[in-house]
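Following: one structure in structure tokens, then a few remarks.
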Amino acid sequence: MGILSMKAFGFLGLVVVGLISMASAEPGTATFYTEYVPSACYGYEDQGVMIAAASPEIFNNRAACGRMYNVRCTGPTNQGIPQPCKGKTVNVKIVDLCPGCKGRSLDLSKQAFSWIANPDAGRIRIEFNQV
């Protein structure tokens, strides 16, 4: 196999892995918050700004602490901002519990939310998977 063939094969492999990981992504919703400490997982220890709080279902009595999730905006949840998504993904670390969140939802840091969507939307539809 020549070098060009090996590069093409490697690229194809990356594309397939990317498609499989997005195919296994879970649907949910996301909001954002701005006060990051203290957190349920790390107390007053700073964990940076690409972080999230998880709904009780995801948090699972602290089992999600430290897990990393790749999150992508898939659309709006209200009439306010019809096209909130920026077409990007973000990796966030679970550092806290969002007791008011329902179902499969994440409360992203404002920085993480702003990376993938217009914060004026307030709440967005997402797909996410553990990385």
Side-chain angles (χ1 to χ4, degrees):
M1 192 180 282
I3 292 176
L4 186 55
S5 298
M6 289 175 61
K7 285 184 179 181
F9 185 72
F11 177 73
L12 180 61
L14 289 174
V15 169
V16 170
V17 168
L19 290 173
I20 290 170
S21 74
M22 286 318 272
S24 64
E26 298 182 47
T29 59
T31 52
F32 68 87
Y33 68 116
T34 57
E35 292 186 30
Y36 310 141
V37 290
S39 69
C41 299
Y42 300 98
Y44 286 93
E45 186 179 321
D46 181 12
Q47 295 297 307
V49 295
M50 292 309 191
I51 56 174
S55 64
E57 182 179 325
I58 297 168
F59 194 71
N60 191 20
N61 294 319
R62 300 178 51 97
C65 287
R67 284 187 190 153
M68 298 292 295
Y69 286 94
N70 180 264
V71 183
R72 181 176 72 89
C73 175
T74 59
T77 60
N78 60 30
Q79 301 297 332
I81 305 291
Q83 305 271 334
C85 302
K86 295 183 177 180
K88 299 178 181 179
T89 64
V90 66
N91 288 333
V92 294
K93 180 180 182 178
I94 301 299
V95 300
D96 211 349
L97 168 66
C98 178
C101 293
K102 304 285 188 238
R104 307 292 292 168
S105 59
L106 298 174
D107 198 14
L108 305 173
S109 65
K110 186 170 185 180
Q111 292 87 341
F113 189 100
S114 298
W115 185 256
I116 62 170
N118 181 336
D120 291 339
R123 179 183 300 273
I124 56 172
R125 286 184 290 124
I126 59 169
E127 288 183 344
F128 63 100
N129 58 319
Q130 189 173 345
V131 291

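In this structure Thr74 satisfies the side chain to side chain donor-acceptor pair (under 3.5 Å) test with no other residue, sequence neighbours excluded. Every residue two or more places apart in sequence or in another chain that forms a side chain to side chain donor-acceptor pair (under 3.5 Å) with Glu45 is listed here: Gln47. Among residues two or more places apart in sequence or in another chain, the side chain to side chain donor-acceptor pair (under 3.5 Å) test is passed with Asn91 by Asn70. With sequence neighbours left out, Asn118 forms a side chain to side chain donor-acceptor pair (under 3.5 Å) with no residue at all.
Checked by atom type and distance alone, the side chain of Arg125 pairs as donor or acceptor with a backbone atom of Pro76 at under 3.5 Å.
Cluster partners of Val131, using a side-chain heavy-atom cutoff of under 4.5 Å among ILVMFWY residues and allowing indirect links, are Met68. With a 4.5 Å cut-off between side-chain heavy atoms of Ile, Leu, Val, Met, Phe, Trp and Tyr, the cluster of Tyr44 takes in Val37.
Counting only residues at least two apart or on different chains, no ring pair (Phe, Tyr, Trp, His ring centres under 6.0 Å) pair has a member in residues 70-104. The list of salt bridge (Lys or Arg N to Asp or Glu O under 4.0 Å) pairs with a residue in residues 51-63, not counting sequence neighbours, reads Glu57-Arg104. For residues 28-62, the disulfide bond (SG atoms under 2.5 Å apart) pairs, not counting sequence neighbours, are Cys41-Cys65. The list of salt bridge (Lys or Arg N to Asp or Glu O under 4.0 Å) pairs with a residue in residues 88-100, not counting sequence neighbours, is empty. For residues 61-93, the set of pairs meeting the ring pair (Phe, Tyr, Trp, His ring centres under 6.0 Å) definition, not counting sequence neighbours, comprises Tyr69-Phe128.
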Using atom types as modelled, flag every donor-acceptor pair under 3.5 Å from a side chain in residues 109-116 to any protein atom, sequence neighbours excluded.
{"residue": "Ser109", "atom": "OG", "partner": "Val49", "partner atom": "O", "Å": "2.3"}
{"residue": "Ser109", "atom": "OG", "partner": "Ala112", "partner atom": "N", "Å": "3.1"}
{"residue": "Gln111", "atom": "OE1", "partner": "Tyr36", "partner atom": "OH", "Å": "2.5"}
{"residue": "Ser114", "atom": "OG", "partner": "Lys110", "partner atom": "O", "Å": "2.8"}
{"residue": "Trp115", "atom": "NE1", "partner": "Thr89", "partner atom": "O", "Å": "3.2"}

